[in-house]
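Written out below as structure tokens is the structure these notes cover.
Along the sequence shown, residues carry numbers from 1. These numbers come from the heavy atoms of this one structure, side chains and all, not from hydrogens, waters or symmetry mates.
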Amino acid sequence: MTLRRPLSVAVPVAFALAVVLATAAGPEVTAVVTTVVALCATVACLVRAGRRRGRMRVVWAAFGLGALAGGTAADHTPGYLVMIPLVAVGMFLVPMPPRTGLEKIRGVVDALLITSALVALSYHLLLDPRLHTGPVWSTYAIADIALANVALVGISRLRRGVPDVRALTIAGGGLATLAVASGCAFAGHHRMAAAGWLAGFALLGLAAAREPVRAEPQPTHGERSDVLPYIIVVIGLVVGFVRLALGGTPSAVGTWTRSICVGLIIFRQALLMLETRRLTRDLEDRVGARTGDLQAREQRFRALVEQSTDSMAILEADSTVRYQSESVERIFGYPAEVLVGRRFCELAGRKVGGRVAAAIDEVKDTPGATTVFEIMLYHADGQARLAEMTITNLLDDPYVNGLVFNTRDINEAQELQASLRREAYHDALTGLASRAGFREQLADAVGRNSPDRVAILFLDLDGFKEINDSLGHDAGDHLLVHVAERLRRLLPAPRVVARLGGDEFAVIVEAENARDEAELIAMEIIAALAEPIGVDDRELHVSASIGIAADEAAGAGDIERLMRDADLAMYRAKDAGGNGYAAYEAKMHDAVVRRLELATDLRLALERDELVLHYQPKVDLRTGEIVGFEALVRWLHPTRGMVPPLEFIGVAEATGLIVPLGRWVLAEACRQSVAWGRPLKMAVNLSVRQFEAGDVAGMVAAVLAETGMPPGRLVLEMTESVLLTDTDDNLERIVSLKALGVQLAMDDFGTGYSSLAYLRRFPMDVLKIDRSFVDRLGGESEDEALVRTIVRLGQRFGMRTVAEGIENETQLSILREMGCDFAQGFLLSRPLPAPDATALLERGLPFAIAA
């Protein structure tokens, strides 16, 4: 049983009931009740002992046995003598917190003070008047002194941090009550003695039954225990003086005990002074250390603020600058002291100042409110700079009492974003519109024309792969540039000509009879390409397969279907032998059927283990060491042989097979990484479909647990299309992936929209520079500037940069000079099967990267 009611109520109630019972009932009834209460106290102490461990178990067991010995017999006297050593063992076995040497000496002095005072009290009240009664009664009187001494010294030893400190204090009070009750019996006050016996055992039982409190308020307990010896001494002195006032004669015992108490008190005060000095020194040392720590933190905070890429200021509600960080001079060219004390709205000019004033009005009435906006600020050199300003209302914060302005120069970032956007909508190699630009202009053309006025041509060069493989990528790029130039001359603006990627081109036709016009243009293109093209002192003959689709055939306004139809028609022209064109017809769905067959074969490939992984090494450009691999899937078809990913990944994406395929790739790559037993990073691609399929973080976590792959060695690569699709949901999924401890990489950076907002919002660790940028290194300075800006952008956002598609040493050298972290490409190594990759790890790269 445990008590939940406050003991401040239970203790006086127990005393009152004991006094009433001892006064109103006969001695026999009181003795029986006392025995019952003692048994209850015994049970409570033993139960509490069973719930404790170590020395506290012995403490409560000793209290329980003492209660059993002293309270259950009809005559308490013999059991009383047995109880005293039991409870003494329990009281002095209580585990104490660590104490200093001075504290231990003071504890001994306190025990001596209490003992001296109790001896004086017992002598004056009990022993002196009754020394003639014989040695037996004197023995029990000394036992009373011993029990009271055990109880009071035990209470004085209790400190904050002692287990069950409240319960032990109450138990000590109960033992002291039993000692007083025994003294009353010795003095002949039998009813008072009976009440004391009953109350003492009741207090012991209440202490054992008290429910422990996890956070007991104990700050004053140490102070009470420090005062307790003085209280006992004062009581002894008062009793002695009263005795003398009533006509008693001075005694040697009283004189000696008073002298001993005075000496001990003086000695105790000296100890307290020494402890006070020690505590003062410790406090001064801690205050000094704390002050030094605060100063160091202040200096560190000041250094962070001053070296920040943001300008931070604290303004009044009327825009008066109260504090301005020194970083403003580095960012905008103005010394901080020039701005402090002046109104920012007046300094910024009427237009910008009005925008800032409106933002202040927006947040000033709501504590903690924040607003973010872009404004044009002028640098001290007169140049206009686009800045992002964040205003936070901390007027009610007692440590700030102002509006916090964080201003960031985003002019360079915006220029980069605009440059990336231009790159996204224009093909860097040929200068034609890119796929994204083509889609946008096609949507505009369809939107402003009737269905029969819009058609498109999809053009794919015949045999381009063979040229690229035999003569190299540089020759292939030269060929693409020549083809683009011929198309531009044949179809000048406002005709829209685009390069969709690789060797694919597209044209938008707007005319009265767009389909017929598209067929005429197709014939002109075939004729224009019939003339040989000079590349590297060679004359190359190139032809094209052209697919034509009209908006009317596709379904009015459906540009996706229109592009799909043109693509199908182009494949029909290629299947017919190339160097020709084909217009879309409904029966071309046969091509779709073939794709479905490929999807069926791919599904079976997953079941038959026909897929294999090749690994392309990733090299540290500073050390030349292999730091990881990228896992690339290959399909070992039973009849077609090795199928490259370009031929089946699209089918997998379209059919949803990319989800189980992606999981297989992830698991196989992790197993291989664990098998290598080296701290290498393993990069694996994640597709949009995998994000849409469900709990991608759960899938990755399951694979990590299944393979034993350390999360920190896994790099998950995703293209910007992942970030552009269902942004909020994907942000949550990406954050869940990041929480696993894996690294995240943005693949093909710069080929999509490449909004800088994504870099701030998504927790990416790596930027992969697309091979199309790397291909152009060593050529135009603008191309190098763009790559250099991407590297710096990664450094600014705390990301590592990886350049892919490195094919010559010039590219490698330029990237090292730019500070790019890692590289991969055919120059370093082609993708290799696992055994060859293992061999490469053993022997290293075929050539050393210059230091």
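- The CG atom of L737 sits 13.0 Å away from atom CD of Q743, with the distance rounded to the nearest 0.5 Å.
- Salt bridge status for R671 with E706: present, with a side-chain N to carboxylate O gap under 4.0 Å.
- Listed for the R689 side chain is a donor-acceptor partner under 3.5 Å among the backbone atoms of E653.
- The backbone N or O of A528 sits less than 3.5 Å from a side-chain atom of R486, completing a donor-acceptor pair.
- Contacts classified as side-chain hydrogen bond (donor to acceptor under 3.5 Å, both in side chains) and involving residues 832-844 (residues at least two apart or in different chains) are given here: W676-T838, R678-E842.
- Counting only distance, with no hydrogens or angles, the side chain of Q811 and the backbone of V774 share a donor-acceptor pair below 3.5 Å.
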Subject >> Verdict with reasoning, Y615 to L632, per side chain to side chain contact (heavy atoms under 4.5 Å, CB included) >> reply: CA-CA 6 Å; Y615 302 93; L632 302 170; over 6 Å; no

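- The closest donor-acceptor contact from the side chain of K681 to the backbone of G712 lies under 3.5 Å.
- Between L457 and Y581 the shortest side-chain heavy-atom distance does not fall below 4.5 Å.
- Using a distance-only test at 3.5 Å, with no hydrogens or angles considered, no donor-acceptor pair links the side chain of S673 to the main chain of A669.
- The two atoms that bring L480 and G502 nearest to each other are CD1-O, 3.6 Å, heavy atoms only.
- Smallest separation of non-hydrogen atoms from V791 and M818: CG1-O, 3.6 Å.
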**OP:** Apply the test side chain to side chain contact (heavy atoms under 4.5 Å, CB included) to residues W664 and V659: give CA-CA distance (whole Å), side-chain angles for both, the deciding distance (0.1 Å), then the verdict.
**Re:** CA-CA 9 Å; W664 180 88; V659 176; over 6 Å; no

Under 3.5 Å, which donor-acceptor pairs do the side chains of residues 821-833 form with other protein atoms, sequence neighbours left out?
residue	atom	partner	partner atom	Å
D821	OD2	T801	N	2.9
D821	OD2	T801	OG1	3.4
Q824	OE1	K768	NZ	3.4
Q824	NE2	Q616	OE1	3.3
Q824	NE2	E630	OE1	2.8

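- Of the possible polar contacts, one joining the D695 side chain to the G698 backbone as a donor-acceptor pair under 3.5 Å is found.
- Listed here is the closest heavy atom pair of A683 and K618: CB-NZ, 4.0 Å.
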Original post:
Taking it one step at a time, do S543 and D462 satisfy side chain to side chain donor-acceptor pair (under 3.5 Å)?
Top reply: CA-CA 5 Å; S543 62; D462 301 325; 2.8 Å; yes

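- Between E610 and R634 there is no salt bridge, since none of the side-chain N atoms of the basic residue sits less than 4.0 Å from a carboxylate O of the acidic one.
- Annotation: R439, atom CZ; neighbour count of heavy atoms from other residues, nucleotides and ligands within 6.0 Å does not exceed 12.
- Minimum heavy-atom separation, C670 to L714: SG-CD1, 4.2 Å.
- Judged by distance alone, the side chain of R733 and the main-chain N or O of F691 form a donor-acceptor pair under 3.5 Å.
- Considering CG of D765 and CG of L744, their distance stands at 5.5 Å, rounded to 0.5 Å.
- Contact of the V535 side chain with the H482 side chain is registered, since non-hydrogen atoms from C-beta on lie closer than 4.5 Å.
- Nearest heavy atom pair, residue G580 against residue A573, reads O-CB, 3.8 Å.
- Judged by distance alone, the side chain of R776 and the main-chain N or O of S772 form a donor-acceptor pair under 3.5 Å.
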Original post:
Should L786 and F773 be marked as a side chain to side chain contact (heavy atoms under 4.5 Å, CB included) after you check the CA-CA gap, both sets of side-chain angles, and the distance that decides it?
Top reply: CA-CA 8 Å; L786 181 59; F773 298 145; 3.9 Å; yes

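- By the 4.0 Å N-to-carboxylate-O rule, D460 lies close enough to K574 to be salt-bridged with it.
- The two residues G805 and D775 come nearest to each other via the heavy atoms O-OD1, 3.9 Å.
- The line from CG of L666 to CD of E668 is 10.5 Å long, rounded to the nearest 0.5 Å.
- Here the straight-line distance linking atom CD1 of I456 with atom CD1 of I548 works out to 10.5 Å at 0.5 Å rounding.
- Under the 3.5 Å distance criterion, the side-chain polar atoms of D620 are left unmatched by any main-chain donor or acceptor of E625.
- With a 4.5 Å cut-off on side-chain heavy atoms, I521 and I546 do not count as touching.
- With respect to R435 and E504, a salt bridge is recorded, a charged nitrogen being found less than 4.0 Å from a carboxylate O.
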Subject >> Stepwise side chain to side chain contact (heavy atoms under 4.5 Å, CB included) check, I508 with V497 >> reply: CA-CA 7 Å; I508 299 176; V497 182; over 6 Å; no

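- Between the side chain of R499 and the backbone N or O of F505 there is no donor-acceptor pair closer than 3.5 Å.
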